[in-house]
Amino acid sequence: MLVDIGTVYIPSSTKIVLLGSGELGREIAIECIRLGLEVFALDKYPNAPAMQVAQHSLIIDMTDEVELLDVIHKIQPHYIVPEIEAIATKALVELEQEGYCVVSNASAIQLTMNREGIRSLANRLDLPTSKFEFADSLNSLKEAVQKVGVPCVIKPMMSSSGKGQSVLHDLQNIEECWEIAIQEGRIKSNKVIVEEWIDFDYEITLLTVRHGQSTSFCELIGHIQKDGDYQISWQPQKMSDSAKQKAIQIAQLMTDALGGNGVFGVELFVKGDNVWFNEVSPRPHDTGLVTLISQNLSQFALHVRAILGLPIPNIEQLGPSASHAVLVSGVRTILFIKTLIKY
Ligand SMILES: Nc1ncnc2c1ncn2[C@@H]1O[C@H](COP(=O)(O)OP(=O)(O)OP(=O)(O)O)[C@@H](O)[C@H]1O
Ligand SMILES: [Mg+2]
């Protein structure tokens, strides 16, 4: 297999644009640089983590379609790699039509950033999910909650890290949940999703790598979220063979439907042998930070290899490992303490 990478800073270089330059983007940038790529790190604020390692950085509003198109046309990258959800996805569709390579592809990015899109796809694929209903007013929310039952989770259509999400235990609090969901979503919208509360034993991320005609799976990652935000993850997560097979089947179906090359973080809830699909990121996942110490190739190395069409050998587990996010108050960065647990 021949992959032409060229030399950075001269016209033959392979250019990659990172849309979002947080901690996950920084690790993607490092892997790109190891392989000799020229990285452009974009974000809305200066000195973002990936900007600290990339050869170039640019401060732009990635939700502004015109600005995003303009910047990409100037750089003319070989690969456009979204790291966050808050991007003008219409621009990505347009760029893909012009022949740019959007990772994994523009439609996957669009579908997964919107809970309605991804739930509808999961339904079409007949994947097990929590019961759910959509609502676009307080009255329709009341009807939706009656159909789904309490406790239930009310979420904005577009949000991440648990923003705008609340658990409704008592119908008396419905108005407060409605307000939180419509105020804290990524865009101003009156549409929310009501999901049945799943009393899972544990939740997992199944990192799934699509590369060429193949799909590879990492060992299962167990994790704990607090208020919808990542706290701790570990790998491997012990589970029954039957649940593991179900998890792999769900991840295979979902990622085949989304298509393109790269790493996907498939989020699943598990109770006994039952497995529910929650959502999927068409990019490395925060809970997958543990792979920096748990695997011979981290999720970031796998993502970059898959994008470039480089070979992906067997993914080796180096031993049970765990990682913890430390949120430092008043500071923008998140520190990751990595522990390799040795037996
Ligand atoms: N239906 C549910 N039943 C039980 N717990 C849930 C449910 N939905 C969400 N949660 C909990 O809230 C967390 C965040 O939910 P979800 O992944 O849907 O939101 P998010 O804002 O997109 O999060 P992120 O972008 O950080 O993955 C889940 O990882 C899980 O711990
Ligand atoms: Mg999630």
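Counting starts at 1 for both ligands and their atoms, following the listed order.
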*asked:* Treating Asp64 as the side-chain partner and Glu67 as the backbone partner, does any N or O pair qualify as donor plus acceptor under 3.5 Å?
replied: yes
_Ser323 vs Tyr230, side-chain hydrogen bond (donor to acceptor under 3.5 Å, both in side chains): CA-CA, chis, key distance, verdict_ = CA-CA 10 Å; Ser323 127; Tyr230 163 63; 2.8 Å; yes
*Evaluate the ring planes of Phe40 and His56, with Trp represented by its six-membered ring, and classify them as parallel (under 30°), tilted (30 to 60°) or perpendicular (over 60°).*
parallel
*Please determine, by modelled atom types, if His285 and Glu267 share a side-chain donor-acceptor pair under 3.5 angstrom.*
yes
_For a quick check: using heavy atoms under 4.0 Å, what are the residues in contact with ligand 1, sorted by chain and number?_
Arg115, Val153, Lys155, Ser159, Ser160, Ser161, Gly162, Gln165, Glu195, Glu196, Trp197, Ile198, Phe200, Glu203, Gln225, Gly228, Glu267, Phe269, Asn278, Glu279
*Output, by chain and residue number, all protein N/O/S atoms separated from the Mg ion (ligand 2) by less than 2.8 Å.*
Glu267 OE1, Glu267 OE2, Glu279 OE2
*According to the interplanar angle, ranging from 0 to 90°, do the rings of His73 and Tyr100 count as parallel (below 30°), tilted (30 to 60°) or perpendicular (above 60°)?*
tilted
*If only atom types and distance count, is the side chain of Ser298 paired as donor or acceptor with the main-chain N or O of Leu292 below 3.5 Å?*
no
*asked:* I'd like to know if Phe269 and Val266 are part of one continuous hydrophobic network [Ile/Leu/Val/Met/Phe/Trp/Tyr, side-chain heavy atoms within less than 4.5 Å].
replied: no
*Specify the closest pair of heavy atoms between Met62 and Leu68, including all atoms of both residues, with the distance to one decimal.*
O-CD2, 3.7 Å
*Determine whether Val304 and Val53 fall in the same hydrophobic cluster, where Ile, Leu, Val, Met, Phe, Trp and Tyr are linked whenever their side-chain heavy atoms lie under 4.5 Å apart.*
no
